[in-house]
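What follows is a set of notes on a single structure, which appears directly below.
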2 protein chains.
Amino acid sequence: MTERVGSDTRERLITAAADLIAASPGEDFSLRAVCDAVGVKMPTLYHFFGSKQGLIDAVIEHGFDLYLGEKASMENSGDPIQDIRAGWDAHVAFGLENPGFYTLMYGKVRPGYSPAAQSRPSEILRGLTAEAAKQGRLVVPSEQAAAHILAANIGVTLRQIILAQADQELSRAMREATIAAITGTGTSRGGPLAAAIEVAAANADVLGPSETQLLIEWLSRLNRSSSIS
Amino acid sequence: MTERVGSDTRERLITAAADLIAASPGEDFSLRAVCDAVGVKMPTLYHFFGSKQGLIDAVIEHGFDLYLGEKASMENSGDPIQDIRAGWDAHVAFGLENPGFYTLMYGKVRPGYSPAAQSRPSEILRGLTAEAAKQGRLVVPSEQAAAHILAANIGVTLRQIILAQADQELSRAMREATIAAITGTGTSRGGPLAAAIEVAAANADVLGPSETQLLIEWLSRLNRSSSIS
DNA sequence: GAATATATGTATCAGTGATACATCTAGTAC
DNA sequence: GTACTAGATGTATCACTGATACATATATTC
C-alpha cells in the first residue's frame, strides 16, 4: 500500500495544511490537525519538514506554483507596460481568491522576513521593468519602478483582504497611478498651471514656505485670468 | 506599597508588553514574560485585560495615542493636500520608528480584522479628503481618495519594515503618485513647470512684469531642483 | 535472506493561553 | 473600632501546542 514513490504522504500533508489554512485565512493552524487530517502522527510530519516553518515554506512554495501557473500565461503581450498591468491584476486576483496562501506569503510582517519563494514573482516583475527601461518608457530607475509596483500591489491586495471586500475600482486606480508615476505619463486635468501648483506644493523646501505660498497664489491668479489655460 | 490609584499595575503591564513587542517586532510574545517583567502572576493580567487580545488591544490603543500625539501637530497647514502629505510622512515615520506597534496595528492580516483604534487615523484622513473634495481639488470621490491613500501608505510602510530598510525616495514617489492620481494633476513628460513658465510669460499683464519675472525665476529654480520632473 | 535507509508510532517534554478557587488588601459603613 | 465588601493577587491546574528522543516497522538493495 505504501509503495508510492516521491512521498505521497508529504504531498498529502501539504495539501491538508493548505486546506486548513484556506479554511481560516490568516489564522494560525495546528500541526496536529494537519496530522489528523492525513491520519499520521507528528514525527512523520517532522521527518518531512523538520519544523512548522518548514511545512509553511513548503505550502508557500506550493501556493506560488499555483500562482505562477495562473500568471505566466497572462504576461506575454509583448508590451512590458501592458504585461505589468496584467501582472498587477493577476496578483490581486490571486490574493483575493487565495487569501490563505496570500497571507502566508505577504501578510506575515516582521523585519527581515520574506519567504524565499517570494523572490520568484519579484524577479518576473523586475524583468518587466528592466525591459520597459530598455525601451525608454520609464522616468525612474527600473529597480525603483519595480519596488513601487510591488509595494502598491501588495498594499492594495492586503487591504482588500483585511476589509474582506474586493474593490476593483480602487485596484485599477492604484494600478494606473503607479504606472503613470513610473512612466511619467500622467493626465493632467487643470492644465499646466494647476499641475505646477501641485509640483510647487510638493517641493516647498526648495523655495521656502513663504515664497512657495506666494508662488502658489500667483499661479492661481494666473490660472483664473490667463486666456491660455 | 500598593496604594497607587488608577491601577499602576495595569499600566506597567501595558508598558512591559510594549517593550517586549518593541524588542522583537512582528514576533509573538508570551504573557508569562510580560507578567515576569512586572513581577506579577497571570490571573492579575487576566483580571485587567481578560484575554491576550485584550492586552494587545490596550497596547495598540497606547500606540495610537503616541502616534496621534506626534501626528496631530503636523496637519494644520490649512491646505488639505499639504496636510495629506504631512500625514503620509508621519505615518511612514511612525511605522519605521515603531515597527512593533505598527505591525500590531496594520501587519496582522486576516479577513475582517482591524483593531478598533485603527479607525481614528482613518477618520482624520477622511476629514482631509472630504475637505479637499469640498475645495474641488479631487477628481475621484472623497472616500476612494482616502482608501487609495491608506492602502498605498500602509503598503509602502509595511514593505519598508519587511525589508528592514527605509526608502524615503520610494515613499515620496508613491506619495506623489497617489496625490497626482486623486487630484488629477499628473505631470507629463516635458514637465508642467516648463509649460507653466510659458503660460506665465504669455500672460505677463496679469501679475505685472516684475512679479512675472520673479515667478518665472522661481519656477525655473523649482524645475532644476525639484525631484518631481 | 540480510542490511540499510526511509518512514512511522509511542511516550514525553517544556511552554502556551486560560481559568477555578482561595487569599489578601484597601476602603467603606455602621 | 469592627465588620463587610469589592478589587487585586497568588496557587494549582487545565487542555493544547510545537518539538524530540527512542523504538519500530516497512521497503529497497545487494
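Hydrogens, waters and symmetry mates play no part in the numbers below; they use all other heavy atoms, side chains included. A note on names: the letters A, B, ... follow the listed sequences, proteins ahead of strands, and every chain is numbered from 1.
Residue contacts shown for B/Phe29 are limited to sugar-phosphate atoms, with no base heavy atom under 4.0 Å away.
As a whole-Å value, the separation of B/Asp28 CG from D/dG18 C1' is 13 Å. Atom pair B/His47:NE2 and D/dT11:C1' shows a separation of 17 Å (rounding to whole Å applied). When rounded to the nearest whole Å, the span between CG of B/Leu45 and C1' of D/dT9 equals 12 Å. Rounding to whole angstrom units, NZ of residue B/Lys41 and P of D/dA12 are separated by 10 Å. With rounding to whole Å, A/Leu20 atom CG is found 11 Å from D/dT17 atom P. The distance between atom CZ of B/Arg10 and atom C1' of D/dA8, rounded to the nearest whole Å, is 14 Å. Here C/dA7 presents its P atom at 12 Å from CG of A/Leu13, a figure rounded to the nearest Å. When rounded to the nearest whole Å, the span between CE of B/Met42 and C1' of C/dG17 equals 6 Å.
Heavy-atom distances to DNA chain C give each of A/Arg32 and A/Val40 a nearest nucleotide, and the one nearer the 5′ end belongs to A/Val40.
Closest approach to the A/Phe48 side chain among C/dA7, D/dA19, C/dG17 is made by C/dA7 (side chain taken as heavy atoms from C-beta onward).
A/Arg10 contributes atom CZ, which lies 10.5 Å from atom OG1 of A/Thr15 (distance to the nearest 0.5 angstrom).
Dashed line: the shortest gap from a side-chain N or O of B/Tyr46 to OP1 or OP2 of C/dT19 is not under 4.0 Å. The phosphate of D/dT9 has OP1 or OP2 within less than 4.0 Å of a side-chain N or O from B/Thr9. Distances shorter than 4.0 Å separate some side-chain N or O of A/Ser30 from OP1 or OP2 on D/dG18. One finds no side-chain N or O of A/Thr44 lying less than 4.0 angstrom from the OP1 or OP2 phosphate oxygen of C/dA7.
Other residues, nucleotides and ligands place no more than 12 heavy atoms under 6.0 Å from the CD atom of A/Gln168. The environment of CD in A/Gln213 is sparse: at most 12 heavy-atom neighbours from other residues, nucleotides or ligands sit within 6.0 Å.
With hydrogens and angles disregarded, a donor-acceptor distance shorter than 3.5 Å links the side chain of B/Asp167 to the backbone of B/Leu170. A/Gln160 places a side-chain N or O within 3.5 Å of a backbone atom of A/Val156 that can act as its donor or acceptor partner.
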